Amino acid sequence: MSLIRIDNVTKLYQTGEVPVTALKDLSVTINQKSFVSFIGPSGSGKSTLLNLMGALDKPTEGKVVINNVDIAGLDRTQSAIFRGSNIGFVFQNFNMIPVLTVFENVEYPLLMLKHISANERRDKILTLLDKVGMLDQKDKYPNQISGGQKQRVAVARALVTNPKIVLADEPTANLDHKTAYKVISIMHEMQKEFGTTFIFSTHDTKIVDEAEIIYTLEDGVIVNSEVKTNN
Amino acid sequence: MNNIIKIAVRNLFRYKRRTILTSTLIAFGVILVIVFGGLAISFKSQMIGIITNTSMGDLQIHKKGYVESIDNLPLNINLTAEELASIETKMKDIPEIAAYSPRIKFGAMISNYAQTSNIRLSAVYPEMESKTVSDLVTRIKGTMTDPVNFLKPGEILVPENLMKGLSLNVGDEVVLVATNQDGSVNGITLRIAAMIENVLGPSGKDGYMHINDAAGLLRMEQPAIVEIAVHLKSFEQLDKVYGQLKKEFSSSSLFEIHTWEQLSPFASIARIVDILIFVVKFILISIVLVSILNIMTMSVYERIGEIGTIAAIGTTPRKILSLFIVEGFAMGFLSTVAGVVLSLSTLVIMNMANINFTFGQMNLTLNPGIPVGEVFLTTFIVMLVSILASYQPAHKASKMAPVDALGHT
């Protein structure tokens with residue numbers, strides 16, 4: 001069953017006088033509970049595509065339908081609420097809120113969106129921190145933990161609202177191979193356990209093997225797709 | 001909302017030195033307003049108290065046209081016995097009026113038999129005058145056996161500079177010569193009961209005598225009153241009683257009523273004090289506006305990536321706006337609390353120190369105090385300006401496109 005449907009999407013950016021085409025008439029469908037990777041060189045359109053799938057941006061042409069919602073019809077507030085309810089994000093630079101502890105960083109999306117009791121919230125956060133192996137670091141601030149640990153916290157934060165989709169743009173770019181592999185493994189485990197669709201972009205060929213479906217992008221166009229059956 | 005407050009307060013302390021410097025500046029502004037306000041209000045109220053309680057009274061009633069010619073001390077613009085009785089009846093119906101004193105005011109020549117000078121005289125019923133301007137006796141220098149009846153018929157209180165100028169002493173005899181309403185001249189011999197100080201310094205030539213002596217000197221069958229000084233039970237009721245008397249006399253075009261501030265030159269000084277308090281408040285507003293606007297603008301520019309993150313994970317533009325406004329508000333609030341505590345402590349210390357100073361001939365003790373309303377007003381101003389100053393940067397943050405903010409380096 002399709003969760004994300006991208007139909008003939010073109011995305012142009014105006015940089016100075018010259019428009020730059022980031023995506024060119026691109027179509028792709030991503031099903032629920034899949035573990036998908038987009039690979040490609042820098043400037044191939046991976047981040048632009050993930051931004052569209054994350055309702056962070058809107059296409060110049062074409063249609064982006066996520067969980068049966070056409071994101072072009074959402075205003076800024078509706079987009080924010082939609083993202084909070086449906087999409088989790090893992091960023092290349094971890095993007096922790098520096099004034100909040102590990103626990104509070106994971107708690108933040110719940111406080112912004114969900115009206116659940118403090119006890120229920122606490123149980124949920126502690127469970128997730130335990131699953132990503134960060135329970136013992138819950139009271140530390142982001143500047144007191146390593147990059148790999150930050151990214152594990154980011155995974156927990158992305159999952160805390162039970163989103164249908166987690167988007168990770170180059171989640172391992174700032175990590176060493178061992179840590180990167182560990183983070184991707186955790187993401188894969190979470191995908192299996194919670195049935196969340198994980199979509200990540202990377203150009204790290206070692207970690208891309210973890211993906212079930214791999215799309216290769218070049219110059220804003222999908223030039224190859226590979227479906228693996230052994231995962 | 002609790003979460004927004006928590007994040008806002010923590011963000012404030014992210015850059016401790018900057019926050020402390022800005023807060024100190026705002027707190028200094030609050031201290032300036034409250035301490036200066038306390039001193040100025042205290043000085044003003046003491047001065048008004050002295051002016052109204054030692055000479056002028058809170059209100060004065062005259063025959064229509066008298067105040068216009070007050071410098072000439074005209075005797076012909078006076079109240080008839082019927083008019084005086086009518087005014088007294090109306091005043092008795094106003095419970096806020098504590099006392100009143102009818103006066104004759106006129107100019108005369110004073111002589112020690114060798115030298116002559118001019119003098120302005122207030123002829124009064126001593127008992128009524130002392131009830132109306134109860135601190136008048138504090139201006140009288142000499143032994144006062146009965147402060148209520150501070151003058152007896154045949155006595156005069158002579159101002160300090162005339163005493164010195166004419167080489168007079170208490171107990172000496174002086175001759176007063178005055179022109180009455182008809183233009184004829186008459187004289188009377190009086191004994192100096194005491195010396196009287198002028199409120200604002202040794203330049204005055206205002207003396208006091210008994211009203212019956214004045215009536216005799218001016219050849220009046222009945223004292224022709226030119227002024228009624230009125231004292232209220234509470235100074236706070238001035239506007240109310242003034243309005244009431246105005247209304248009472250509105251049907252008659254015979255009388256005019258003035259408050260102390262319409263008659264005393266000190267009212268201009270009081271207005272200048274009010275303007276200075278306003279200027280200090282304006283300085284505070286400027287300090288808060290510039291400080292908060294500056295710090296919040298810097299905060300927004302430093303945290304563009306963070307704004308992108310919170311927007312991406314579902315924070316609505318409205319909540320981002322609130323986050324930054326609460327941050328500016330929190331800074332204003334914390335600074336104001338610090339400023340209020342410090343300034344009230346300063347006022348308490350100043351009160352304990354019992355600072356004395358002289359203004360004109362008056363010895364004043366500095367008892368600075370600030371009305372609670374002024375403290376709340378100052379707090380409210382800072383809070384309001386903090387919100388207004390935070391709004392522009394907060395609005396900018398809330399309008400950022402998440403994708404652009406996330407890509408900001």
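Lettering follows sequence order; numbering is per chain, from 1. Computed from a prediction, not measured in an experiment: that's the story for all the values here. Hydrogens, waters and symmetry mates are skipped; everything else that's a heavy atom, side chains included, is used.
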Checklist entry - Taking the side chain as C-beta and beyond, is there a heavy-atom pair between A:Arg157 and B:Thr309 under 4.5 Å? => result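 Side-chain contact under 4.5 Å: yes.
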Checklist entry - Do A:Thr77 and B:Arg318 touch side chain to side chain, with heavy atoms closer than 4.5 Å? => result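 A side-chain contact is absent here, since even the closest heavy-atom pair is not under 4.5 Å.
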Checklist entry - CD1 of A:Ile97 to CD1 of B:Ile313: how many Å apart, nearest 0.5 Å? => result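 Reported to 0.5 Å precision, the distance equals 5.0 Å.
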Checklist entry - Atom CG in B:Asp404, atom CG in A:Leu56: separation rounded to 0.5 Å? => result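 It is 10.5 Å, given to the nearest 0.5 Å.
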Please indicate whether [X] has more than 12 foreign heavy atoms, meaning atoms of other residues, nucleotides or ligands, lying under 6.0 Å from its [atom1].
{"X": "A:Lys33", "atom1": "NZ", "answer": "no"}
{"X": "B:Phe28", "atom1": "CZ", "answer": "no"}
{"X": "B:Asp274", "atom1": "CG", "answer": "yes"}
{"X": "B:Phe376", "atom1": "CZ", "answer": "no"}
{"X": "B:Phe333", "atom1": "CZ", "answer": "no"}
{"X": "B:Lys6", "atom1": "NZ", "answer": "yes"}

[X] portion near chain B, given a 4.5 angstrom heavy-atom threshold:
{"X": "A:Asn51", "value": "side chain"}
{"X": "A:Glu107", "value": "side chain"}
{"X": "A:Tyr13", "value": "neither"}

Next on the checklist: I'd like to verify something: which residue of B:Pro402, B:Gly305, B:Ala312, B:Gly308 has the highest number of heavy-atom pairs under 4.5 Å with chain A?
Outcome noted: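 Going by pairs under 4.5 Å, I would pick B:Ala312.
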Checklist entry - Between B:Arg10, B:Glu306, B:Lys319, which has the largest tally of heavy atom pairs under 4.5 Å with chain A? => result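 Winner by heavy-atom pair count: B:Arg10.
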Checklist entry - Donor-acceptor pair, A:Arg76 side chain versus B:Ser398 backbone, under 3.5 Å? => result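 Yes.
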Checklist entry - Taking A:Arg83 for the side chain and B:Ala311 for the main chain, is one N or O donor matched with an acceptor at less than 3.5 Å? => result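 Checked: pair present.
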Checklist entry - For A:Ala80 and B:Thr316, which heavy atoms make the closest approach, and how far apart are they? => result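 That would be CB-CA, 3.8 Å.
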Checklist entry - Do you know the tightest heavy-atom contact between B:Arg14 and A:Val99? => result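 Heavy-atom minimum between the residues: NE-CG1, 3.4 Å.
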Checklist entry - Taking it one step at a time, do A:Phe89 and B:Leu406 satisfy side-chain contact (heavy atoms from CB on, under 4.5 Å)? => result CA-CA 12 Å; A:Phe89 289 91; B:Leu406 280 167; over 6 Å; no
Checklist entry - ring pair (Phe, Tyr, Trp, His ring centres under 6.0 Å) with B:Tyr391: which residues, sequence neighbours excluded? => result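 B:Tyr391 satisfies ring pair (Phe, Tyr, Trp, His ring centres under 6.0 Å) with B:His395 only.
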